[in-house]
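Here is the structure we will look at, set down as structure tokens.
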2 protein chains.
Amino acid sequence: MTRVLVVDDEPQILRALGINLRARGYDVDLAPDGEHALTLAAGHHPDVVVLDLGLPGIDGVEVIRGLRGWSTVPIVVLSVRDGERDKVLALDAGADDYVTKPFGMDELLARLRAALRRATPAEEEPVVETADFTIDLGAKRVHRGGTEVRLTPTEWHLVEVLVRHQGKLVSQRQLLQEVWGPEYHDETAYLRVHMANVRRKLEPEPSRPRYFFTEPGMGYRFETSS
Amino acid sequence: MTRVLVVDDEPQILRALGINLRARGYDVDLAPDGEHALTLAAGHHPDVVVLDLGLPGIDGVEVIRGLRGWSTVPIVVLSVRDGERDKVLALDAGADDYVTKPFGMDELLARLRAALRRATPAEEEPVVETADFTIDLGAKRVHRGGTEVRLTPTEWHLVEVLVRHQGKLVSQRQLLQEVWGPEYHDETAYLRVHMANVRRKLEPEPSRPRYFFTEPGMGYRFETSS
DNA sequence: AAGGTTCTTGACGCACTCTTGACGCGGACC
DNA sequence: GGTCCGCGTCAAGAGTGCGTCAAGAACCTT
């Protein structure tokens, strides 16, 4: 299901958007200000963000910057301000689209679809096969020796990031930011524990990895011998 | 250079956009209607398309469909129509953004930048090859004679800085600051030891370097003979 | 409210990397 | 021709990072 994060300080707009989007089958998170927005984004990894510019506390443009620091999620900005300067600032900060209030729900939905379409460029999700297991990125499943292996959400996320960068070294910092969020960039202990769990579930000899390699001091790398 | 295709049936707008975009360093194609637009797009493969909806002949939405049949180039729609239905139709046909006339040039430019930024995701890191080894900056790995060479974090960092400044002299001070941090600017002993290790791992004759040269009193230089 | 997962956190041992000092060599300068 | 400085080499000790295990906390489901 597609996850949308909606950020707006006006409760009635927040509610209206929540109802409308859920009616269309989206999975919706609601945030009344920038702080909540960044926290929710880090935890739930939305597929698209709808962001009001006029927020109490952190400014909307700051929220864009905060998100762009570690994520490429599409951001659709809502604003009562029709000023050209605001639009330019928001777009150059990394927003993907700018809609002026008042707006029609149909237009907003169309813009969301456009943003989502761009972000998911019709790529079919690859299936990665190794001699010991099969990873289906689209179905989010892993098979090993005929049966399915259950990965916890964290483990899956870790595997997903590494497999998508197949062959490349992924730095500890990048892994932590993608899986746990930007404020966890130095919790390397998490990585060690969860990588150990992943290896125990997937590697034939967990203490002698054939697929999930450690590059000491730098990060991890997924590689198939083929 | 970035190529922009502008499609509009009003000559003065076409001219104005052409002048403005060229002044910003874009390479601009101009088309007064849908037929010319599709022909130019097929021939010149623009990086982004600015498209007016109200065209004589083929309708703007048809132009979008025509382009989307074979291209994923970002399309920014211009229109005097502010109707919600038009926006929804255009966006769902495959447009990336919708700007209502009259618009400010700064806003349009910001939207173009946003569209281009999305379309150009990860530029890839170069791979540097020499007769004796291969350095993949993106994957952070080094191959030599078929097998992989393991570099420690410090060694890799050193190699990376030198290789990214390929052919140029990198001062000891700069190397120390980039690898160890600003307060280590005079620990030249570190450089000597680690450069020796790098050479032992990569140079065919470590004591007679062919790639990692010392410039006495100044710094180091990476150079491939090719 | 209870049970089961999953995540977090701390402790420990091992391996490896970095740092540091000693030494030799060669060129520059006096 | 002698001295000095910068560089390369080597080796040893200190420090760090990693894997592993286990226990408690937090979370979700029923």
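Below, read A as the first sequence line, B as the second, and so on, with proteins coming before strands; counting in each chain starts at 1.
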D96(B)/R68(B) ion pair, N-O < 4.0 Å: yes
field: Mutual orientation of the aromatic rings belonging to Y190(A) and Y184(A) [parallel < 30°, tilted 30-60°, perpendicular > 60°]
entry: tilted
message: For dC18(C) and W180(B) - does any side-chain N or O of the residue sit under 4.0 Å from the phosphate oxygens OP1/OP2?
response: no
message: Tell me whether M105(A) at atom CE has more than 12 heavy atoms from other residues, nucleotides or ligands lying less than 6.0 Å away.
response: yes
- prompt: Counting only heavy atoms not in R150(B), do more than 12 sit closer than 6.0 Å to its CZ atom?
  reply: yes
message: Please identify the 5'-most and 3'-most nucleotides of DNA chain D with any atom under 4.0 angstrom from a heavy atom of chain B.
response: dG6(D) to dC10(D)
message: Within the 4.0 Å heavy-atom criterion, would you say R208(A) contacts the bases, only the backbone, or no part of the nucleic acid?
response: nothing
message: Looking at P209(A), is its backbone amide N or carbonyl O close enough to the side chain of R199(A) to form a donor-acceptor pair, meaning the two atoms are under 3.5 Å apart?
response: no
message: Between P on dC7(C) and CD on E155(A), what's the gap in Å once rounded to a whole number?
response: 6 Å
query: For M195(A) and dC7(C), what is the distance between atoms CE and P respectively, to the nearest whole Å?
result: 14 Å
- prompt: Given atom CD of E215(B) and atom P of dG27(C), what is their separation to the nearest angstrom?
  reply: 16 Å
message: I want to check one thing: is the phosphate of dT6(C), taken as OP1 and OP2, less than 4.0 Å away from some side-chain N or O of H194(A)?
response: no
query: Base, sugar-phosphate, or nothing for S207(A), non-hydrogen atoms under 4.0 angstrom?
result: sugar-phosphate
query: Between dT20(C), dT9(C), dC7(C), which one does the side chain of Y190(A) approach most closely?
result: dT9(C)
query: Are E205(A) and R210(A) ion-paired here, with the side-chain N under 4.0 Å from a carboxylate O?
result: yes
message: Using whole Å, what does the distance between atom C1' of nucleotide dC16(C) and atom CG of N197(B) come to?
response: 13 Å
statement: Taken to the nearest whole Å, CZ/R192(B) to P/dG24(C) is 16 Å
query: Out of D52(A), I58(A), I75(A), V7(A), which one pairs with V63(A) under the side chain to side chain contact (heavy atoms under 4.5 Å, CB included) rule?
result: I58(A)
statement: One should read off an interatomic distance between K168(A) NZ and Q174(A) CD, to the nearest 0.5 angstrom, of 10.0 Å
- prompt: Within this structure, what is the CE-to-P distance between M218(B) and dG27(C), rounded to whole angstrom?
  reply: 19 Å
- prompt: Can you find a side chain N or O atom of T154(B) that sits less than 4.0 Å from OP1 or OP2 on dC18(C)?
  reply: yes
- request: Can you establish whether the number of heavy atoms outside R141(A) located under 6.0 Å from its atom CZ is more than 12?
  value: no
task: Starting from the first five and the last five pairs of the helix from dA1(C)-dT30(D) to dC30(C)-dG1(D), work out the angle between the resulting helix axes, to 10 degrees.
output: 50°
query: When you check the phosphate oxygens OP1 and OP2 of dT19(C), does a side-chain N or O of Y184(B) lie under 4.0 Å from one of them?
result: no
